[in-house]
Amino acid sequence: LDQPDVRGRLMATMGTAYRNLGDLARADSLIGQGLTLLRNYAARDMSRRAQLEWAFALEDLGVLRAEQNRFAEAEAFFREALRICRPLLADDAPTLRGTVTKLGATISKQGRLREAAAMQDEALTLLRAQYAAGGIDSVYVAAAANNLATTLQRLGLYEASLPLAREAVQLLAAEGGAPDVGRSFVLTNLGLVYNNLARPRAGLPHVRRALAMRDSLLDAPHPLLAIAHHNVAEVLYYAGRFDEARRRSEEAQRRIIGIHGEEHADVADALHTYGQILHRQGALAEAAQTHRRVERIRRAVLGDDHVRVAKTLAA
């Protein structure tokens, strides 16, 4: 009780643990309380350590807000963390570059893709140099390469995205092949790049492996496990395996709605693929009804001018 800095950091750490377990409500409460304690402590103690602890808690809350699809709030938290960190850390510090990478991913999620790509490319260049010099672990470079690959995919630059996705997989493979949630993200992205290059059969083993990896690591219900089912359904759809894709998509919807409720971007993504499957199976009225439901969710969650609303209208 007489060490608010220690107490605040412990609460933020516990909150991050609950976030990793998929319990976002409990994570929100703990990280929020930890941030309040650390902000108040930093207002009284101007030491470098106190200021960085506050910044790290801001970043923790930014990551949580991004997982909650509250991307504008996440961006604000990441920018505030960077404002505090920049005078205290060297420009090439891995921690600083990691925050920039997360900020870029959040900007990408809001549809500002070129802005995000430029930010992520700069961070990746610095991290590669540090890794080559033996200054950082490969996981920093893998995460940065994966995030840039994802943004380039959203820009439709699939040929440019593929070598980055492969680089991320190779960097993590060099560290050993044990199941890991971070590794599952990279495998998923590689599978989706192949899918977007009209090579879904090449992508399918990677998204299946990512699903198996998460299934071995995470307890259900968990958001990352739920969305992994959707990723497999999407690639199955593009591979022309519509019956199997439909079953997998229905499982993904059940899991995602059970975790997030109806009004969530992940629900819309799963339903969008489901509408496409129904269309190809000839269930046109049901497909149209599904896409109208997706449009309503995406407009509410992402705004009227987001590219995913456009994709829904096209569907």
request  = Consider only side-chain N and O atoms of D45 and Q51, and report whether a donor and an acceptor are under 3.5 Å apart.
outcome  = no
request  = Nearest 0.5 Å please: distance from the OG1 atom of T101 over to the CG atom of L148.
outcome  = 9.0 Å
message = Assess whether a salt bridge exists between D23 and R26, defined as any Lys/Arg side-chain N lying under 4.0 Å from an Asp/Glu carboxylate O.
response = yes
message = Quiz question: by atom type and distance under 3.5 Å, do the side chains of T151 and Q120 form a donor-acceptor pair?
response = yes
query = What is the distance from atom CG of L61 to atom CG of L30, rounded to the nearest 0.5 Å?
reply = 11.5 Å
request  = Taking the side chain as every heavy atom from C-beta outward, state whether I107 and F71 have any pair of such atoms under 4.5 Å apart.
outcome  = no
task = Report the C-alpha separation of E75 and R112 in whole Å, then their side-chain angles, then the decisive distance to 0.1 Å, and conclude whether the side chain to side chain contact (heavy atoms under 4.5 Å, CB included) test is met.
result = CA-CA 12 Å; E75 180 183 348; R112 288 148 48 204; 2.9 Å; yes
query = So which heavy atom on V207 is nearest to which on G191, and how close?
reply = CG1-CA, 4.1 Å
inquiry  = Let's go through E167 and N146 carefully: what are the C-alpha distance in whole Å and the side-chain angles of both, what is the deciding distance for side chain to side chain donor-acceptor pair (under 3.5 Å) to 0.1 Å, and is it a yes or a no?
reply    = CA-CA 8 Å; E167 177 186 2; N146 188 62; over 6 Å; no
request  = Going by the side chain to side chain donor-acceptor pair (under 3.5 Å) test, name the single residue among Q253, R248, E251, E250 that passes it with H229.
outcome  = R248
query = If you group Ile, Leu, Val, Met, Phe, Trp and Tyr by side-chain heavy-atom gaps below 4.5 Å, do I31 and Y41 land in one group?
reply = no
request  = For atom NE2 of H306, decide whether the heavy atoms of other residues, nucleotides or ligands shown that lie under 6.0 angstrom number more than 12.
outcome  = yes
request  = Answer with yes or no whether the hydrophobic clustering places L217 together with L224; edges join I, L, V, M, F, W, Y residues whose side-chain heavy atoms lie under 4.5 Å apart.
outcome  = yes
message = With a 3.5 Å distance limit and no angle check, can you tell me whether S29 reaches the backbone of A25 through a side-chain donor-acceptor pair?
response = no
key: Close side-chain approach of F185 to R214, heavy-atom, < 4.5 Å   = yes
ask   = Which residue, K102, R9, R19, forms the salt bridge (charged side-chain N to carboxylate O under 4.0 Å, His left out) with D60?
value = R9
query = How many angstroms lie between OG1 in T16 and CE in M11, if you round to the nearest 0.5 Å?
reply = 12.0 Å
query = Can you tell if the side chain of R296 reaches within under 4.5 Å of the side chain of E263, non-hydrogen atoms only?
reply = yes
key: Distance-only donor-acceptor check, side chains Q68 and D28, under 3.5 Å   = yes
ask   = In this structure, are over 12 heavy atoms from other groups packed under 6.0 Å from R39 atom CZ?
value = yes
Separation between CG of L82 and CG of L58, rounded to the nearest 0.5 Å = 10.0 Å
key: OG on S161 to CG on N196, rounded to 0.5 Å   = 8.0 Å
ask   = Is there a donor-acceptor contact under 3.5 Å from the side chain of T125 to the main chain of D121?
value = yes
request  = May I ask you to check whether over 12 heavy atoms, not counting those of E115, lie within 6.0 Å of atom CD?
outcome  = yes
request  = Examine I259 and L24 and state if one hydrophobic cluster contains both, with Ile, Leu, Val, Met, Phe, Trp and Tyr joined whenever side-chain heavy atoms are less than 4.5 Å apart.
outcome  = no
request  = Indicate, with yes or no, if V141 and L190 share a hydrophobic cluster defined by side-chain heavy-atom contacts under 4.5 Å among Ile, Leu, Val, Met, Phe, Trp and Tyr.
outcome  = yes
task = Could you check whether the rings of H272 and H291 sit parallel, tilted or perpendicular, using 30° and 60° as the cut-offs?
result = perpendicular
task = State whether a side-chain donor-acceptor pair under 3.5 Å links E59 with T99.
result = yes
